[in-house]
Amino acid sequence: MERFLVTGGSRLVGEVTVGGAKNSVLKLMAAALLAEGTTTITNCPDILDVPLMGDVLRGLGCDVTIDGDVVGITTPAEPKYHADFPAVRQFRASVCVLGPLMARCKRAVVALPGGDAIGSRPLDMHQAGLRLLGATSEIEHGCLVARADDLRGARIRLDFPSVGATENILMAAVLADGETVIDNAAREPDIVDLCNMLVRMGARISGAGTSVLTIHGVERLTPATHRVIGDRIVAATWGIAAVMTMGDVQVGGVNPKHLSLVLDKLRSAGARISFERDGFRVIQAERPRAVNFSTLPFPGFPTDLQPMAIGLASVADGTSMITENIFEARFRFVEEMIRLGADARTDGHHAVVRGIPRLSSAPVWSSDIRAGAGLVLAGLVADGTTEVHDVFHIDRGYPRFVEQLQSLGGQVTRVGA
C-alpha cells in the first residue's frame, strides 16, 4: 500500500486546472447504456473510478475504450442486465446502471455497491421510484433485483433530494411511456450535466437545475458526444488549500457559479477571491478567520467538502462549528485530525473546532476520498512530516494530486509501503 509524505510549512502559489467531475462522469458513462451505438465522453478525469466503471459496462456487454480524457462506449442492441461482479462492489456509483438497465432491458440485477465509509446510503428511494414507474424491486442474495413488463410515467416525490435516486429514476423515465415528474429532485450541477447529455441523446427533459424535473418518455435514444463539466469539489479543495496555507492559487476548468456558497465562506475566512477565465483565484494574506459550516444538498455547502472545512477550522483564528446533515459517519475524519493535534470534539452531527496556529505531524489514515484529501491539506499546515496512509482512496477522486500539489510548491511525495 502506498502512502503520502507531506511536509508542512509551504505556501501554495500558482495555477491548477481541474478535469471533469468525478460525480458526473460515472453517471454519464452509465447513461451510454440507454442508446445502441457509440457514445463519446470527453474531459474525463484520470481517476481510478473511471476504468472501474468501464469494467462494469464491459460486464454488461459494452465495448469501452479509454484514451487520455476521452472515453468511448459502444452499447449493443441487447445489453446484459446482470451486474453482479467484483467491480460493482468496489464503488458506490456502480448502482447508477440500475435506471438505464430498467429502461433498456426492463429488468436489472445489480450487486449492492461498495464505496466510501461515510455512513448509511440506502437504496430505498431508488426502489420506491422504480415501483411507481411500474417495476417490482427487491433485495435478493446481496443484489438489487428489479423487473417490469413496461415502465409508465408517474409523479414521484422524493423524501430527500437524493442525487443517486434522482439520477436512476431520471434515466429509467426517459424511455418510459408517458410523463414522469420528479418532485424534490436533486439540483446539483452533476444532475444538470446528466440532463444535458440525455437531451443531446434525444430525451425530453425540462426543469434541470430546479427541484422539479419533468420527463416525457421517448421510444429510443441515440448516441452522442458530450463534455463533462469541471469538478467543483476538486476545485474547491484547491481553494481551501490556498486559504489554509495563506497562499495564492488560481483554479481553472470549473464554473465558479457551481461554488457560490463555498467561495462566500472563503471570503468570510478572509480570502480575496476573483473570477478569472474559466475559474477563480484565491489569495489569503493572513491567518484565516473561523467560519461555521453546515452541509446541505446543492446549492448548500457540499458534504464532500466537510473534511476540508474541518481542516480549515483547525488552523483558523477562533472557534468553528461544523454541522453534518448528510452522512452521519463522516466525522470519523475528526479522529484523524486529533492525531494531528487539532482541538476538536464531536457531539452528534456537530463538530466544534478551536483553531490553533499549527498542527503537529503524525501518521494518519484515509477512510474515504475526501477525508484523504483533507488529511493531506492538514499535513501542509503541520510541523514536520505527516504520513497519510490508504491513499488509494484519494486516487479515486483526485487526478495527479501529488503532482499538482508539487506544482504549487507543496512538499508531498508518494512512496511505497
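Values reported hereafter were calculated over all heavy atoms of this structure, with side chains retained and with hydrogens, waters and symmetry mates removed.
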Where [X] and [Y] come nearest, the two heavy atoms and their spacing:
| X | Y | value |
| --- | --- | --- |
| T75 | A32 | OG1-O, 2.8 Å |
| V71 | C44 | CG2-SG, 3.6 Å |
| T346 | A351 | CG2-CB, 4.0 Å |
| V50 | P45 | CG2-O, 3.5 Å |
| L133 | A172 | CD1-CB, 3.9 Å |
| A241 | L12 | CB-CD1, 3.7 Å |

Over 12 non-hydrogen atoms of neighbours within 6.0 angstrom of CZ in R272: no
Pairs flagged by side-chain hydrogen bond (donor to acceptor under 3.5 Å, both in side chains) wherever residues 173-185 is involved - sequence neighbours left out: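 The answer is R157-D183, E179-H216.
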Contact between [X] and [Y] at the side-chain level, heavy atoms closer than 4.5 Å - yes or no?
| X | Y | result |
| --- | --- | --- |
| V163 | D190 | no |
| R339 | P363 | no |
| R267 | L263 | yes |
| L198 | L34 | yes |
| P297 | R187 | no |
| K22 | I233 | no |
| Q411 | T385 | no |
| V391 | V376 | no |

Salt-bridge test for [X] and [Y]: reply yes if a basic N is under 4.0 Å from a carboxylate O, no otherwise.
| X | Y | value |
| --- | --- | --- |
| R358 | D383 | no |
| D395 | R414 | yes |
| E335 | R332 | no |
| D248 | R281 | yes |

What is the distance from atom [atom1] of [X] to atom [atom2] of [Y], rounded to the nearest 0.5 Å?
| X | Y | atom1 | atom2 | result |
| --- | --- | --- | --- | --- |
| L175 | D150 | CG | CG | 12.0 Å |
| L312 | L305 | CG | CG | 11.0 Å |
| D304 | I326 | CG | CD1 | 10.0 Å |
| T166 | L158 | OG1 | CG | 5.0 Å |
| F301 | T323 | CZ | OG1 | 11.5 Å |
| R400 | L405 | CZ | CG | 11.0 Å |

So, does [X] use its side chain to make a donor-acceptor pair with the main chain of [Y] at under 3.5 Å?
| X | Y | value |
| --- | --- | --- |
| Q284 | A271 | yes |
| Q250 | T17 | no |
| D368 | A371 | yes |
| R232 | V254 | no |
| R289 | S268 | yes |
| T39 | P223 | no |
| S320 | V291 | yes |
| R204 | V218 | no |
| D231 | G19 | no |
| R147 | K106 | no |

Lys NZ or Arg CZ of K265 over F293 ring: under 6.0 Å, within 45°: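 Yes, cation above the ring, under 6.0 Å and within 45°.
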From CA spacing to verdict: side chain to side chain contact (heavy atoms under 4.5 Å, CB included), F298, I191: CA-CA 10 Å; F298 189 85; I191 297 288; over 6 Å; no
Working for side chain to side chain contact (heavy atoms under 4.5 Å, CB included), residues V412 and L380: CA-CA 9 Å; V412 184; L380 292 172; 4.1 Å; yes
Step-by-step side chain to side chain contact (heavy atoms under 4.5 Å, CB included) determination, T303 to R370: CA-CA 9 Å; T303 182; R370 311 306 174 184; over 6 Å; no
side-chain contact (heavy atoms from CB on, under 4.5 Å) involving A135 - partner list, sequence neighbours excluded: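 With neighbours one apart ignored, the set is M102, L130, A148, L151.
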From CA spacing to verdict: side chain to side chain contact (heavy atoms under 4.5 Å, CB included), I310, F331: CA-CA 9 Å; I310 292 176; F331 280 150; 3.9 Å; yes
Listed once per pair and sorted, the salt bridge (charged side-chain N to carboxylate O under 4.0 Å, His left out) pairs that draw on residues 158-169, sequence neighbours left out: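 Salt bridge (charged side-chain N to carboxylate O under 4.0 Å, His left out) check on residues 158-169 returns K27-E167.
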